[in-house]
Amino acid sequence: MENMTKDVRVRFAPSPTGYLHVGGARTALFNWLFARKHGGKFILRIEDTDLVRSDDRMVTQILDSMKWLGLDWDEGPFYQSQRFSLYNAAIEKLLAEGKAYYCFCDAEKLKEMREAARKRGGSFQYDRRCLNLGQDEIERLLKQNVPKAVRFLVPEAKPKVHDAVHGDIAFDSKNIGDFVIKKADGSPTYQLAVVVDDHDMGITHVIRGDDHYNNIPKQTMIYEALGYTAPQFAHVPLILAESRAKLSKRNAAVAVSDYRESGFMPEAVANFLALLGWSPGDNREIMSKAELIEAFSLGSISKANAVFDVKKLEWMNGQYIRLLSPDELFERAKPLLVDAGLLSEKSADDKKEWIKNILVILQERVRKLGDYPSAAGYFFTCDFDYDERGVRKQFTNPQAANVLEMLGGRFESSADFSLESIESTIRGLADELEIKASKVIHPARLACTGRTVGPSLFHLIEILGKDRTVERLQKAAAFVKRLV
RNA sequence: GCCCUCAUCGUCUAGUCAGGUCUAGGACACCGCCCUUUCACGGCGGCGACAGGGGUUCAAAUCCCCUUGAGGGCGCCA
């Protein structure tokens, strides 16, 4: 069982070398859910020990994505780059106790060793040549300021560890070579820093991706060597692309910001991510944050990797869109409409009620807020082409021009432009001409929107208004005449 | 190559830990029907899986072994 004897403290520790991707977001979400479930603390730590690849701008990006998803943290962000003295103290301690040693091998030499090992057909393990250096030799190299790293002296051990997802697991340290804990540039490596920090920050549960699974024994040995108690581990399965390959920029949209920009709702993305590798155990799917928190547990995380299915995310997003009130819809969709150049921010606010009507009439027809600009475009401009197949089907009828013209005339002369009168005008015209209502409706839709599909024609015309409707019907009538 | 992990419909999963209630449940996607002015929504129905082979057992999707497949790791990246 999960250790609940002390207050839960978990952390999300991204490295600022890229955007927050969906896998990282899911890891963050699981940590967050676990913290909230147990009334614990969710800590944010930036793992920027790689002086070369870390980028401050990425920190902002990652934080923005987390805020967007609603993953608020209680402490941090802490930066590893500001905590080097802590790591150095630990490294000195290990060195002094003979649990680590200096290594003067340079990158080139190591590369050769690695290649040779692989050619022989085996995994590379450092051969400890620097461990076996004589004391005089070490002093000499130190005095000469030869660049040096520090390696952890891997003891012979078979660390037994419990993982909340995988259960009891055992490792054999003979498969692990002495790894570097301090680089020649003075910075600590991940393996060392993560242990020192998790201990220092009082982390009780380390919830992270399965790609860290093989780090368990290394870190366990460091905990041991430093005299620390290791936290509980929970390694969650990875998220794969449709090809079952690692999710990457090449095969899918991976950055959380991509989904934000294409008009997904954060609630839907979080809900979807929560269900990737975890399930409440019953058949619930659409779940609020509160419900997720209530139902979440490490034990019900699945062991198998999951494929990211955008189709299901879109469906789920559609479910969330349908839950929105007209006002919420307006607030959320407005930026997308403005960005698409359909109208200015100011005119959006001026015509708020009208725009709300548009958004609501399309609410069941969009799956992403980002679908709105193209779905609603014809409300904002008369400058559109007629759907080709629609033209062939609706506008090649010799009657069509006449029908459109007559309908335009009726609308123009009608004083009342209510939904009811629009419908009765259209149906009335069909009756008089002794044709089916659909023979009027379909050409009229094409004339008014350029499309063969869309919301109820009566409602759409009501929103469009009398002037625009009449204008479009006349324009279409002229178009049909030229065609015939 | 070596080490590790995982394995239920095309996809996400329930069921596996405590073997029988599983002719394996739900969701997405797909197909059909209904609703309907089209599309969508919604409703109803269909298609569709325990990777393979050995054991253990009265009984295995569930336990054990092997094979296969997939993923991860083997960095002075994290």
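Proteins come first, then strands; the chains are lettered A, B, ... in the order of their sequence lines, and each starts at number 1.
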Using both distances under 3.5 Å as the test, list the Watson-Crick or G-U wobble partner of [N], or none.
N	result
B:C2	B:G73
B:U68	B:A7
B:C44	B:G32
B:A24	none

Validate the cation-pi geometry between [X] and [Y]: distance from NZ or CZ to the six-membered ring centre under 6.0 Å, angle to the ring axis within 45°.
X	Y	value
A:K218	A:F179	yes
A:R151	A:Y126	yes
A:R26	A:F30	yes

[N] and [M]: how far apart are their [atom1] atoms, nearest whole angstrom?
N	M	atom1	result
B:A49	B:G26	P	14 Å
B:C35	B:C44	C1'	11 Å
B:A27	B:G46	P	12 Å
B:C2	B:C9	P	29 Å
B:C50	B:A61	P	11 Å
B:A60	B:G15	C1'	13 Å
B:U13	B:G69	P	23 Å
B:G32	B:U23	C1'	24 Å

Report the nucleotide, chosen from [options], that has the shortest atom-to-atom distance to any side-chain atom of [X].
X	options	answer
A:N175	B:A78, B:C3, B:U37	B:C3
A:R445	B:G72, B:G42, B:U37	B:U37
A:L240	B:G71, B:C76, B:C6	B:G71
A:R322	B:C41, B:C76, B:C6	B:C41
A:N283	B:C41, B:A14, B:G25	B:G25
A:N214	B:A7, B:C4, B:U38	B:C4
A:A306	B:A14, B:C12, B:G73	B:C12
A:H166	B:U37, B:G26, B:U5	B:U5
A:N305	B:U38, B:G71, B:U37	B:G71

Return no unless some side-chain N or O of [X] is found under 4.0 Å from OP1 or OP2 of [N].
X	N	answer
A:K183	B:C77	yes
A:R53	B:G75	no
A:R367	B:A29	yes
A:T49	B:A78	yes
A:R244	B:U11	yes
A:R284	B:U13	no

Worksheet item: Do NZ/NE/NH1/NH2 and the carboxylate oxygens of A:R427 and A:E423 come within less than 4.0 Å?
Response: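 A salt bridge is present here (some side-chain N lies under 4.0 Å from a carboxylate O).
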Worksheet item: Got a sec? Which of residues 82-89 of chain A come in under 4.0 Å of RNA chain B, heavy atoms?
Response: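 Heavy-atom cutoff 4.0 Å gives no residues at all.
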Worksheet item: Does anything in residues 309-320 of chain A reach RNA chain B, meaning a heavy atom under 4.0 Å, and if so which residues?
Response: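 RNA chain B contact set from residues 309-320 of chain A: A:D309, A:K311, A:K312, A:W315, A:Q319.
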Would you mind classifying the nucleic acid contact of [X] as base, sugar-phosphate or nothing, using non-hydrogen atoms under 4.0 angstrom?
X	answer
A:S438	nothing
A:G209	nothing
A:A107	nothing
A:L275	sugar-phosphate
A:Q191	base
A:K182	nothing

Find the distance [X]:[atom1] to [N]:[atom2] and express it as a whole number of Å.
X	N	atom1	atom2	result
A:E364	B:U36	CD	C1'	13 Å
A:D371	B:C39	CG	P	18 Å
A:K368	B:C28	NZ	C1'	15 Å
A:D178	B:C74	CG	P	16 Å
A:I216	B:C74	CD1	P	14 Å
A:K218	B:A78	NZ	P	12 Å

Discussion item. Which heavy atom of A:A444 sits nearest to which heavy atom of A:L457, and what is that distance?
Written reply: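 It is CB-CD2, 3.8 Å.
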Item to complete: Under the salt bridge (Lys or Arg N to Asp or Glu O under 4.0 Å) rule, what do A:R322 and A:E364 come out as? Steps first, then yes or no, please.
Response: CA-CA 6 Å; A:R322 267 157 237 139; A:E364 291 188 340; 5.5 Å; no
Item to complete: Determine, using ring centers only, whether A:H212 and A:Y190 are less than 6.0 Å apart.
Response: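 Yes, the ring centres sit under 6.0 Å apart.
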Worksheet item: Looking at A:F12 versus A:W73, is the centre-to-centre ring distance below 6.0 Å?
Response: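 That pair fails the under 6.0 Å test.
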Review item, nucleotides 18-21 of chain B N/O atoms under 3.5 Å of protein N/O:
none

Practice prompt. Determine the interplanar angle of the A:F171 and A:Y213 rings, folded into 0 to 90°, and report it as parallel if under 30°, tilted if 30 to 60°, perpendicular if over 60°.
Written response: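 Rings of A:F171 and A:Y213: tilted, 30 to 60°.
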Worksheet item: Can A:H212 be called stacked on B:G72 when the rule is centres closer than 5.5 Å and an angle between planes below 30°?
Response: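 It does not: the two rings, one from A:H212 and one from B:G72, miss the stacking criterion.
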